[in-house]
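Note that the coordinates shown come from a computational prediction; the quantities given were computed from them, not determined experimentally. Quick note on labels: first sequence line is chain A, next is B, and so on, each numbered from 1.
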Amino acid sequence: MDFSFTEEQTLLRNTVERFVLDNYEFETRRQMTATEEGRNPANWAQLAELGILAAPFSEDHGGLGYGATETMVVMEELGKGLVVDPYFPSIVLGGGLLRHGGGAIADEVIPQVAMGEDILAFAYAEPKGRFNLADLETTAKADGGDYVINGHKAVVIGAPFATKLLVSTRTSGGVRDADGVTVFVVDAKADGVSIRSYPTVDGLRAGEVYFENVKVPANNIVGELDNGLPLIEQVADEAIAALSAEATGAMKVLTDATVEYSKTRVQFGQAIGKFQVLQHRMADMFMAHEQSTSMTYMVTMKLDEDAKTRGMAASAAKVQIGKAGREVGQSAVQIHGGMGMTDELNVGHYFKRLTMIDAQFGNVDYHLKRYATLSKS
Amino acid sequence: MDFSFTEEQTLLRNTVERFVLDNYEFETRRQMTATEEGRNPANWAQLAELGILAAPFSEDHGGLGYGATETMVVMEELGKGLVVDPYFPSIVLGGGLLRHGGGAIADEVIPQVAMGEDILAFAYAEPKGRFNLADLETTAKADGGDYVINGHKAVVIGAPFATKLLVSTRTSGGVRDADGVTVFVVDAKADGVSIRSYPTVDGLRAGEVYFENVKVPANNIVGELDNGLPLIEQVADEAIAALSAEATGAMKVLTDATVEYSKTRVQFGQAIGKFQVLQHRMADMFMAHEQSTSMTYMVTMKLDEDAKTRGMAASAAKVQIGKAGREVGQSAVQIHGGMGMTDELNVGHYFKRLTMIDAQFGNVDYHLKRYATLSKS
Amino acid sequence: MDTSFSPDELAFRDEVRAFIAENYPEDIKAKMEAGVELNKEETLRWHGILAKKGWVAPGWPEEWGGTDWTPGQKFLFDQACAEAGTPGVLPFGISMVAPVIYTFGSDEQKQQHLPPIYNGDLWWCQGYSEPGSGSDLASLKTKAVRDGDDYIVNGSKTWTTLAQHADWIFCLVKTDTNVKAQEGISFLLIDMKTPGITVRPIITMDGGHEVNEVFLEDVRVPVANRIGEENKGWTYAKFLLTHERTGIAGVARSKKGLARLKEIAKAEYIDGRPLFEDQDFSRKIAELEIDLTALEYTDLRVLSELRKGNHPGPESSILKIKGTEIQQRLTELTLEAVGTYAAPFYRGLDDRWNEFPVGPDYAVGSAPKYFNMRKTSIYGGSNEIQRNIIAKAVLGL
Amino acid sequence: MDTSFSPDELAFRDEVRAFIAENYPEDIKAKMEAGVELNKEETLRWHGILAKKGWVAPGWPEEWGGTDWTPGQKFLFDQACAEAGTPGVLPFGISMVAPVIYTFGSDEQKQQHLPPIYNGDLWWCQGYSEPGSGSDLASLKTKAVRDGDDYIVNGSKTWTTLAQHADWIFCLVKTDTNVKAQEGISFLLIDMKTPGITVRPIITMDGGHEVNEVFLEDVRVPVANRIGEENKGWTYAKFLLTHERTGIAGVARSKKGLARLKEIAKAEYIDGRPLFEDQDFSRKIAELEIDLTALEYTDLRVLSELRKGNHPGPESSILKIKGTEIQQRLTELTLEAVGTYAAPFYRGLDDRWNEFPVGPDYAVGSAPKYFNMRKTSIYGGSNEIQRNIIAKAVLGL
């Protein structure tokens, strides 16, 4: 039993930390997210160059063959910097689907992704589907050796940056059936694909993605025809582990910033950090962060177990970071007072990101229910 | 709009307050509840003499014709004294069923109850029924002009003191059907009735009541045959209003006691009431009590409205006092520290009573669900 | 005990409802329903409609336009406005500085200021907080030094709500720095066009421009613009802070918000069924509605005391604490109900809100609103300060 | 990162499990499962079984009977015991006074005390708290005045757990009243049979007799019974308080309690269906289980630090806070699950627990247990004190 990191992992952490220090000074980030593009493509090139984008892929695909722990390390550091580069959609989601789906399409696309040449986004959510990954009105109908995709995907994170889209579709069965789900790779510039882009409240870029009679070859299926749901669920659980790490990083920054602020802000003749009520609230923030770290380790180590164990671990972690993120975020704003409300200070930005993380891949309620159901299965 | 009390109501409050001061000094109560009998019958005689037992009954029945507000006043003061005399089972529950049920049986029994000659208990709960008032395995079968009752009623509060039992039975329909419920009055000494008595954790007396081929005349039906559920629900809602008042009284004592204690208990060179964390916790206790008072007024004023409005009001009040009672009770014990854990101090006794009130006539979860269901009906 | 209203009061409520139905502009209504902030013109238009009717300042003395309503009428008026979802009247003039002016001001000050405040001709803002003094208001540093018939004011104010539109600001300033914090403060009325005043916007995390910094550099203010006595400003400031505590619970508006939340929960789907029918979400709504009921009856109890002529005491801190907790929870649940489409963010929403490209109308602004409402437990005496008040002034700790 | 155990460790766990299966007395097991407190004989019987096997004091130095287990083995041992629901070994001798004796005591003290503590021949209790000193332990007032080779001790101790059975008490006493509170304290071992000692029971609100007051009136204690130096007692006391912080999380026992809660929820019915299937109750169980998982992994992280030879710091206050919150929540949910039959109360449960007249077995003691567990956030450094420690020692506030 050992929770320490290898030298290689520590090196990786230092690399990402350095990247964040160099490129994500708060004011730099604020200006970058305010541009039309919403990111600085040079950052992406740098991440590619540093090998960060290649980390989780096999060496056959030009990757470094790293595992879940390394993804955790990367995501935690990106979380500390509120990084907006599409590491999560392209490497964790898109990359994850291709890695686990395998086959010729993976061999073709992954090397491009690992080099940062292709950027992926995963179009899974739909306007009425909420968190149910099988609640799909987007269809793919067989047409000779091809498939024709029609549908509308909601709030696809990273879509404006994507060169290729992964899209979950219904190829058979009824809405919400577990069977009959298939994942395709679609070129973002393919005929019939249109994307309406917009910023999100937490400083990312997303888009509504519309598919109108988009023709793709059967070769573009990721994983198995009609059996895409288990693949999506696996990647969703990995995504939750990654988001947990990101959230943990963000909570760390918020907790530290709040403690520091409370030592310097004077009211009624003393530093506000001397007021016992605020001390206890910060002790609670500290504990929320520690417990989140523990749960992030836990889910990361269980990603390779059977679907039930993995799912329970992911749901447990998501519940923890949902609650802890809310508590840490709200407390940080409250203790910072008016300053915490401003766009000028980083506090509000971390709070917003933590708020939005709760809604990604299922919120607290969704995962409490999923956990309870899985634990009885 | 007016929340003040009439002179008569204030007089009534003073009378009950005096009764509590005279008979419920804490040590007196502790010795009384430790006796085999578990109460002092002289107290009951005094309550009768003061007219408290006659309060809610009509003048035709020898009562004073008071309403819900007066019951609230009485219960709040009884709550402040942790009174163990069977006012709640005999006057609020049993008396309530007879008042609303009416008819010859009410004319016969109520005058005795109002004088304190008869003591009632309401046997409604069953071992497997939890909070569902219609979940009945106790049956009453017609047999000529009589009914024969069989069944087992669980934890009947006040049963050991009762001369007459009111019992909810199934006369037709299946377990948990809304129709087919009938309430009977049964003499506590009738053939086939047996009671196993015991103290409860909050210092009351209760009993398991077994009915074995107990024969009662049809005249003993309270309210309508097969249509007893609406009557029971009305009385249960009134019982909730009464329990809310009792709980509010108990919370008042706990909050005041805690504030006083915190002013005298010195640790680290100052009164613990100077520690901001405890100050805020006591401020929260204060607010919990105030909000509970508001909800007690609210439900009391809505008892005469239609079943939906009344039911929502009762459920809302029960949720409030369940949560507030937990918060106030736990905080009082915590702030009193070790002393709060002892049997010698009154704090633990109020905490225990508040804890048990939450489980009477449905806990927080039950009433949240009931409220939500009613609000959509 | 009786919470019913008199027939006169109920007739009054009908009159208010009818007036609103007839006079509430459709365009403003549409923006309010979508949860979009109003611009200056819209805010003033509604103010003007109420002023013309004589209902814009019910609490004022009758000679200046007050209505002499009973507490019950005030309650019913607020309730009818909230039901209809009308905007609130901005408090800075009507319910903050005006009571100070008509209570402590000179006749000239009353003549000069009360009518334009009533009619909405002049926009006021509040100069209380400073960068160094938030919860500890009395530690303010802005100085006013006497120079003939003027004061020369230097310093800065912050969190000044809507100062960008303001014609006047009421300010706390230090006129004596050699005494205890509370004792050397004066209360000045300052024309925002006076040379030396600059306003710098503060953008909040929801992307809105609601608050500002106001810098005062050698600003000349006539001594005649001082309220009451020199160095007695803290008295007037405290009066203002405790004035009009009714309404701070915001019950009527939260009820409206709750109704809106239910509509959203009916329109959103979870596993093919309306979210409104989901047991977990139902439970949260029920919990919030019950908390709101408790607050409503506590508010009514305070109102009932007012009717008897008693002033609400420090107990009313409960209204601020519970009121803001409920408002925050409401926006939090609304954000949760909206789901996926809470994420899109459209800058410059003010002007183009109804051209917003994606998602249902009700989703617009749900996240910014949640972020913005975090302020309510910070401003107006933070909720920590309110709990201190209860502990000290009510419980005697 | 790796939370798996070595094959050796797993083999060890199997050995422990097999031993318990063979040696855990049925009568004790039945009482534990019904949640009934053990009497003295039963407590000592289980102690004796472990002592005979050599497993009663794993953390001690090997020369006195310690096992030199790895932190992983300790963890697995605790886990196996909790799985089987065995009683805990009383801490007062084994894990409180013994480490002080073997670390700071004289050779004579070690020889005299460690073997009987190991074998359970002598029962110890702790004389720390006093009526006036709870969270503020150092403010104690019990005095010891030197008289030749003895001290004369006067004062009183309170909350003394199971003093009614005790043969010895370890006490903090003031030996110098002219210095700062912490500096004049000494640490004495006192034979409970010494004249002048009386024990008065304190009945707690759950009806149990677990704690006592201990009065010391002119009690003569040989100076040879003092641990270490005079006036240095606070050092030993603090050592004791921070010693053996692992295990305070109580993860293994809470897991057992959670499993029991689930069994109860399966046996109880709500509207004709098992409570276990009720969505609201499921949610609460899930929430608690997830909190417990977080605590478990935090505990493992601390253990992993220990394995690397690092001492757990003030961060481990988190284990006390979260551990007790979970234990309390567990008893609260158990009480809720039991429902109707939580109410009956049967005095003298110790002797006649299995003749209890009404309700299911698991209902017995559910309410008293809930009441009793409120103590856990008060004792051992209240949870307020623990948060102070985090704020000060970890966050530097």
Side-chain angles (χ1 to χ4, degrees), chain A residues 34 125-132 134-135 154-155 157 175-176 196-204 206-208 265-269 272 275 277-278 281 326 329-330 333-345 347-349 351-352 355-356 358-360 363-366 368-369, chain C residues 129 131-139 158-159 181 202-211 268-272 275 278-281 283-284 328 332 335-336 338-347 356-360 366-368 370-372 374-375 377-379 382-384 387-388:
Chain A
E126 300 199 356
K128 286 188 187 164
R130 199 161 275 257
F131 306 127
N132 186 334
D135 196 335
V155 194
I157 300 292
V175 179
R176 292 189 297 281
R196 301 181 72 177
S197 303
Y198 46 80
T200 61
V201 290
D202 49 348
L204 303 178
E208 299 300 290
R265 170 73 174 173
V266 173
Q267 292 278 278
F268 304 103
I272 62 171
F275 289 103
V277 159
L278 301 191
R281 194 155 180 183
R326 174 178 182 268
Q330 292 184 353
V333 171
Q334 183 72 21
I335 295 173
H336 276 85
M339 284 308 297
M341 290 295 302
T342 65
D343 189 62
E344 288 165 57
L345 200 71
V347 169
H349 296 264
F351 170 55
K352 289 193 282 184
T355 302
M356 299 321 285
D358 180 45
Q360 274 185 280
N363 61 11
V364 169
D365 269 12
Y366 174 84
L368 275 174
K369 211 183 295 180
Chain C
S129 293
S133 70
S135 290
D136 182 13
L137 193 57
S139 68
T158 193
W159 316 127
I202 299 173
I203 305 302
T204 44
M205 63 168 144
D206 54 305
H209 171 201
E210 196 176 42
V211 288
E268 284 289 324
Y269 280 78
I270 182 165
D271 296 331
L275 181 64
D278 178 66
Q279 188 171 329
D280 287 334
F281 207 78
R283 179 193 171 95
K284 292 187 192 180
Q328 290 182 336
E332 192 168 11
L335 174 68
E336 184 177 334
V338 161
T340 314
Y341 282 112
F345 181 61
Y346 202 62
R347 271 190 281 273
F356 195 76
V358 297
S366 60
Y370 166 65
F371 300 139
N372 182 275
R374 301 311 307 169
K375 74 186 176 193
S377 51
I378 297 169
Y379 71 18
S382 73
N383 286 10
E384 286 85 2
R387 283 188 169 84
N388 286 348

### Task
Go through the structure and list residues passing ring-ring contact (aromatic ring centres under 6.0 Å, His included) with Tyr370(C), not counting sequence neighbours.
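Only Phe351(A) meet the ring-ring contact (aromatic ring centres under 6.0 Å, His included) criterion with Tyr370(C).
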
#### Entry: Set of ring-ring contact (aromatic ring centres under 6.0 Å, His included) partners for Phe275(A), sequence neighbours left out
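With sequence neighbours excluded, Phe275(A) shows a ring-ring contact (aromatic ring centres under 6.0 Å, His included) to no residue whatsoever.
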
Return the [atom1] to [atom2] distance between [X] and [Y], rounded to the nearest 0.5 Å.
X         : Y         : atom1 : atom2 : result
Phe131(A) : Asp271(C) : CZ    : CG    : 11.0 Å
Arg374(C) : His336(A) : CZ    : NE2   : 15.0 Å
Ile202(C) : Asp343(A) : CD1   : CG    : 11.5 Å
Phe371(C) : Thr355(A) : CZ    : OG1   : 4.5 Å
Lys128(A) : Thr340(C) : NZ    : OG1   : 13.0 Å
Asp206(C) : Lys352(A) : CG    : NZ    : 7.5 Å

With a 4.5 angstrom heavy-atom cut-off, could you sort out which part of [X] is near chain A: side chain, backbone, both or neither?
X         : answer
Asn372(C) : backbone
Ala343(C) : both
Glu332(C) : side chain

### Message
salt bridge (charged side-chain N to carboxylate O under 4.0 Å, His left out), that's the test. Do Asp365(A) and Arg283(C) meet it? Break it down for me.
### Response
CA-CA 11 Å; Asp365(A) 269 12; Arg283(C) 179 193 171 95; over 6 Å; no

### Message
Does any backbone or side-chain atom of Met356(A) lie under 4.5 Å from a heavy atom of chain C? Answer side chain, backbone, both or neither.
### Response
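The side chain, not the backbone.
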
Taking all non-hydrogen atoms of both residues, which atom of [X] and which atom of [Y] are closest, and how far apart?
X         : Y         : answer
Tyr341(C) : Ala154(A) : OH-CB, 3.1 Å
Arg130(A) : Glu336(C) : NH1-O, 3.2 Å
Val358(C) : Glu208(A) : CG1-CG, 2.8 Å

### Message
Please check this pair: side chain of Glu344(A) against backbone of Thr204(C), looking for a donor-acceptor N/O pair closer than 3.5 Å.
### Response
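It does not hold such a pair.
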
For the interface with chain A, which of [options] has the highest count of heavy-atom pairs at distances below 4.5 Å?
options                                    : value
Leu275(C), Ile270(C), Asp280(C)            : Asp280(C)
Gly208(C), Ser377(C), Ala138(C)            : Ser377(C)
Pro131(C), Gly132(C), Pro360(C)            : Gly132(C)
Gly134(C), Ser129(C), Gly339(C), Gly207(C) : Gly134(C)

### Query
side-chain contact (heavy atoms from CB on, under 4.5 Å) between Leu278(A) and Glu384(C): does it pass, once the steps are laid out?
CA-CA 9 Å; Leu278(A) 301 191; Glu384(C) 286 85 2; 4.2 Å; yes

### Task
For the pair Met205(C) and His349(A), evaluate side-chain contact (heavy atoms from CB on, under 4.5 Å) and give the outcome as yes or no after the intermediate values.
CA-CA 7 Å; Met205(C) 63 168 144; His349(A) 296 264; 5.7 Å; no

### Query
Which residue out of Val266(A), Thr342(A), Val201(A) racks up the most heavy-atom pairs below 4.5 Å with chain C?
Val201(A)

### Message
What I'd like to find out is whether the side chain of Ile378(C) reaches to under 4.5 Å of the side chain of Val333(A), using heavy atoms alone.
### Response
yes

